Amino acid sequence: MQDVADVVHIAGVLVRVAAGAHDVSDRLAQQAGVETHIDDAATGQLVVTIDAPTLEAVRAVHEAIGRLPGVLSAHLVCHIADAAAGPARAGGAS
């Protein structure tokens with residue numbers, strides 16, 4: 001049986017930002033476990049991932065993104081609970 005501590009939750013989020021809200025990417029970069037992969041200023045869309053130890057943590061970060069000034073919407077596109085990315089696979093203790 002897989003230990004819950006060995007599971008990593010990864011979520012993909014499509015973020016739409018208001019025109020002129022250029023600092024949203026900087027704010028996202030300050031949040032632990034958040035990485036911006038696409039920042040399209042022409043469309044005001046960003047594609048970000050959230051990497052967290054639990055589904056609850058993913059939910060909290062997703063909600064925090066939605067509350068950032070300048071964010072119009074933050075839509076969860078996908079969620080994966082990846083046991084292979086856990087510490088045992090990455091060289092941690094098994």
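Treat the numbers as computed from the prediction; the structure is a model and nothing was measured.
Rounding to the nearest 0.5 Å places CZ of R27 at 13.0 Å from OG1 of T36. E35 contributes atom CD, which lies 9.0 Å from atom CG of D51 (distance to the nearest 0.5 angstrom).
Put simply, the side chain of H9 never gets that close to the backbone of H79: no donor and acceptor are under 3.5 Å apart.
Residues passing the side-chain contact (heavy atoms from CB on, under 4.5 Å) test with H75 are S73, sequence neighbours excluded. Contacts of A29 classified as side-chain contact (heavy atoms from CB on, under 4.5 Å), with partners at least two apart in sequence or in another chain: none.
Contact of the R67 side chain with the E63 side chain is registered, since non-hydrogen atoms from C-beta on lie closer than 4.5 Å.
Considering all non-hydrogen atoms of both residues, A52 and A57 come closest at CB-CB, 3.7 Å.
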Could you please spell out the steps behind the side-chain contact (heavy atoms from CB on, under 4.5 Å) verdict for Q45 and I38?
CA-CA 8 Å; Q45 296 183 21; I38 298 172; over 6 Å; no

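A single hydrophobic cluster is seen to contain both V47 and V77, as judged by linkage of ILVMFWY side chains at heavy-atom distances under 4.5 Å, directly or through other members.
V13 belongs to a hydrophobic cluster whose remaining members, ordered by chain and number, are V15, V17, V24, L28, V34, L46, V48, I50, V58, V61, I65, L68, V71, L76; membership requires side-chain heavy atoms of ILVMFWY residues under 4.5 Å apart, directly or through intermediates.
Atom CZ of R16 sits in a sparse spot, with 12 or fewer heavy atoms from other residues, nucleotides or ligands closer than 6.0 Å.
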